[in-house]
Participant: 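Shown below is the structure under consideration.
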There are 2 protein chains.
Amino acid sequence: MDENKKISSAVIRRLPRYYRYLGELLENNVTRISSKELSERMKVTASQIRQDLNNFGGFGQQGYGYNVESLYNEIAKILGIDKQHRMVIVGAGNFGSAVAKYDDFAKRGFVITSMFDKDPEKIGKTISGVKIRPMEELKDYIKMNDIDIAALMIPTEYAIDTAQILVDAGIKGIWNFAHTDLSVPEDVIVENVHLSESLMRLSYNLKNYGN
Amino acid sequence: MDENKKISSAVIRRLPRYYRYLGELLENNVTRISSKELSERMKVTASQIRQDLNNFGGFGQQGYGYNVESLYNEIAKILGIDKQHRMVIVGAGNFGSAVAKYDDFAKRGFVITSMFDKDPEKIGKTISGVKIRPMEELKDYIKMNDIDIAALMIPTEYAIDTAQILVDAGIKGIWNFAHTDLSVPEDVIVENVHLSESLMRLSYNLKNYGN
DNA sequence: ATAGACCTGATATATAATTAACACAGCTGA
DNA sequence: TCAGCTGTGTTAATTATATATCAGGTCTAT
């Protein structure tokens, strides 16, 4: 991989999907696959697959295709999911609790070590083995426990102030479920999950392309 | 709006964000705004805002800018959120319950009328006033109750079969939280929310652009 | 061994999306 | 009222993304 060349975000958007398909192939004991066959399954062009992968190196072989297992592992490395990430959930509400209970993330190496909430009723309780701590401890906890990622799952009105606490604590990435844009230093990565915007796009498409 | 011209999905992706910012301006009693000022708040180019809006018509006025309230309403119409959508939640697990309890969607006109689950323990219970019905009733319920949207929030292994039930029932749109691609007729709209892919992109960006 | 099919990585071309430029309509303030 | 701004909508230029093409390495079957 050429460290200097910036990879387009369009490519990054697609990588997890390649990873998912390769995982399924692996489960079905498929050992090799050509860009052409993968392109038919994924409904994209073979050219795009080859172009995308070649951003990171020549993983394939002429006349053979790609080895499923090694490509799967390579993509994991590229995505940085070949090692664990330590994550906290900020906000033990409905969505925060749902994420805590959903063990797929842990399987992918995103380990939830603690939750935080301001409600005294919730503090001290445990959800799926994850303890809920008071908001006041958030900053120190992140500093002391080598936390990479905070999932921000609190109401919009508190999101900006809480994000500032996360930044002050030295967080590396924020998985933002709040309906607002966060402004953080550029080496702090924000990944937005704006569910209501997703619903609005669905609504638009229903109106314009639906039956 | 030119009914013939297909609007690019890049534009549609941005519309809900414009809508959000305009809503905030409206709450702050701002009556007019120029593309330049909005561009500074949103960290995009003024050119892009004008181009995007002009896909749907000339809402602005030279020397004045855009009227916040009327632009807000226009975008709502474009997105099809000026009228209600009736939605069911398929899968009364953690995420399904979280969505049911989250009243922001209802406020935006996405009304949840029922939930469905296969677990006999859950059937008959109520979450936030929404009744949980057995899976067997899903198809008929959709047909009889004028349901537009189904939120698919069940484990991956059941998703494809259940999506087929939804399609057979004549569903118009599927809000898909399952980690799989659905293949449905092209007039059935699928909006994917793949949370684990979102986390992987965060991981990639942490690795490549983080501190 | 070798002919022929396969399939990549690279390069070239085509398409799409973003940004810049600007003519002029409509606003504002004296 | 009118001179000078302001700020749109439009067209042009630039940049990004996606697709097509193809030379040649590698596999496979005989």
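What you are looking at is a predicted structure, and each value in this text was computed from that prediction instead of being measured. Protein chains get the first letters and strands the later ones, always in sequence-line order, with residue 1 at the start of each.
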Participant: In whole Å, I'd like the distance from the CG atom of L53(B) to the P atom of dT8(D).
Facilitator: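 Nearest whole value for this atom pair: 9 Å.
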
Participant: Does A10(B) offer a backbone N or O that forms a donor-acceptor pair with the side chain of S8(B) under 3.5 Å?
Facilitator: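 Checking the backbone N and O of A10(B) against the side chain of S8(B), a donor-acceptor pair under 3.5 Å is found.
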
Participant: Just by distance, no angles: are the side chains of D168(A) and Q164(A) close enough, under 3.5 Å, to form a donor-acceptor pair?
Facilitator: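 Present: a donor and an acceptor within the cut-off.
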
Participant: Is a side-chain N or O of N67(A) found less than 3.5 angstrom from the main chain of E69(A), in a donor-acceptor match?
Facilitator: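 Yes: the side chain of N67(A) pairs with the backbone of E69(A).
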
Participant: Is the NZ atom of K36(A) crowded by more than 12 outside heavy atoms at less than 6.0 Å?
Facilitator: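 Check fails, neighbour count at 12 or below.
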
Participant: Counting N and O atoms only, with roles assigned by atom type, does the side chain of D52(B) sit under 3.5 Å from a partner on the main chain of F56(B), one being a donor and the other an acceptor?
Facilitator: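 Checking the backbone N and O of F56(B) against the side chain of D52(B), no donor-acceptor pair under 3.5 Å is found.
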
Participant: Quickly work out the I49(B) CD1 to dG9(D) C1' distance and round it to whole Å.
Facilitator: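 About 14 Å, once rounded to whole Å.
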
Participant: Could you tell me which non-hydrogen atom of I154(A) sits nearest to which non-hydrogen atom of M135(A), and how far apart they are?
Facilitator: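 Looking at all heavy atoms of both residues, the shortest contact is CG2-CE, 4.3 Å.
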
Participant: Side-chain N or O of N54(B) less than 4.0 angstrom from OP1 or OP2 on dT8(D)?
Facilitator: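 Checking N54(B) against dT8(D): no side-chain N or O falls below 4.0 Å of OP1 or OP2.
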
Participant: Once rounded to the nearest 0.5 Å, what's the spacing between atom CG of D148(A) and atom CE of M87(A)?
Facilitator: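 The CG atom of D148(A) sits 10.5 Å away from the CE atom of M87(A).
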
Participant: Scan R13(A) against the nucleic acid and name what it touches under 4.0 Å (heavy atoms): base, sugar-phosphate only, or nothing.
Facilitator: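 The answer is nothing, as R13(A) stays clear of every strand by at least 4.0 Å.
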
Participant: Round to a whole Å and report the spacing from CG of D52(A) to P of dA18(D).
Facilitator: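 Going from CG in D52(A) over to P in dA18(D) covers 7 Å.
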
Participant: Is the backbone of Y64(B) close enough, under 3.5 Å, to the side chain of R32(B) for a donor and an acceptor to pair up by distance?
Facilitator: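 Yes, R32(B) side chain to Y64(B) backbone: donor-acceptor pair under 3.5 Å.
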
Participant: Ignoring hydrogens and geometry, is there a side-chain-to-backbone donor-acceptor pair from N192(A) to H194(A) under 3.5 Å?
Facilitator: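 Judged by distance alone, no pair lies under 3.5 Å.
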
Participant: According to a strict under-4.0 Å criterion, is Q61(A) in side-chain N/O contact with OP1 or OP2 of dC27(D)?
Facilitator: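 Yes, within the criterion.
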
Participant: Could you list where the contact with chain B starts and ends along DNA chain C, reading 5' to 3', using a 4.0 Å heavy-atom cut-off?
Facilitator: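 On DNA chain C, the outermost contacted nucleotides are dA17(C) to dT28(C).
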
Participant: Would you confirm whether S203(B), through its side chain, and L79(A), through its main-chain N or O, come within 3.5 Å as a donor-acceptor pair?
Facilitator: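 Pair found, side chain donor or acceptor close to backbone of L79(A).
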
Participant: Using side-chain hydrogen bond (donor to acceptor under 3.5 Å, both in side chains) as the criterion, list what pairs up with S196(A), not counting sequence neighbours.
Facilitator: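 Result, side-chain hydrogen bond (donor to acceptor under 3.5 Å, both in side chains) vs S196(A): none returned.
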
Participant: Please list residues of residues 32-45 of chain B whose heavy atoms come under 4.0 Å from any atom in DNA chain D, ordered by number; otherwise none.
Facilitator: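 Those residues whose heavy atoms fall under 4.0 Å from DNA chain D, taken from residues 32-45 of chain B in numerical order, are R32(B), S34(B), S35(B).
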
Participant: Taking the basic N atoms (NZ, or NE/NH1/NH2) and the acidic carboxylate oxygens, is any pair closer than 4.0 Å for K43(B) and D181(A)?
Facilitator: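 Salt bridge: no.
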
Participant: Please check the phosphate of dA18(D) (OP1 and OP2 only) for any side-chain N or O of Q48(A) closer than 4.0 Å.
Facilitator: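 Checking Q48(A) against dA18(D): at least one side-chain N or O falls below 4.0 Å of OP1 or OP2.
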
Participant: Suppose we screen for ring pair (Phe, Tyr, Trp, His ring centres under 6.0 Å). Which residues come up paired with H85(B), at least two apart in sequence or across chains?
Facilitator: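 Expected list: F110(B).
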
Participant: Looking only at atom types and distance, does a side-chain atom of R14(A) sit under 3.5 Å from a main-chain N or O of I49(A), one as donor and one as acceptor?
Facilitator: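 Not a single qualifying donor-acceptor pair exists.
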
Participant: Under 4.0 Å between a side-chain N or O of Y66(B) and OP1 or OP2 of dT6(D)?
Facilitator: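 No, outside the criterion.
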
Participant: Think R50(B) has a side-chain N or O under 4.0 angstrom from the OP1 or OP2 of dG9(D)?
Facilitator: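 Answer is no, no contact under 4.0 Å.
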
Participant: Collect all protein-nucleotide pairs involving nucleotides 11-15 of chain D in which both atoms are nitrogen or oxygen and the distance is under 3.5 Å.
Facilitator:
unit_1, atom_1, unit_2, atom_2, d
dT11(D), O4, Q51(B), NE2, 3.2

Participant: Tell me whether the side-chain N or O atoms of Q62(B) pair up with the base of dT8(D) as donor and acceptor below 3.5 Å, since no angle test is needed here.
Facilitator: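 Such a pair is found, so the answer is yes.
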
Participant: Mind calculating the distance between OH (Y64(A)) and C1' (dT28(D)) to the nearest angstrom?
Facilitator: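 Those two atoms, OH and C1', are 13 Å apart.
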
Participant: Looking at five pairs on each end of the helix from dA1(C)-dT30(D) to dA30(C)-dT1(D), what is the angle between the two axes, given to 10 degrees?
Facilitator: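 Axis-to-axis angle, ends of the helix: 30°.
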
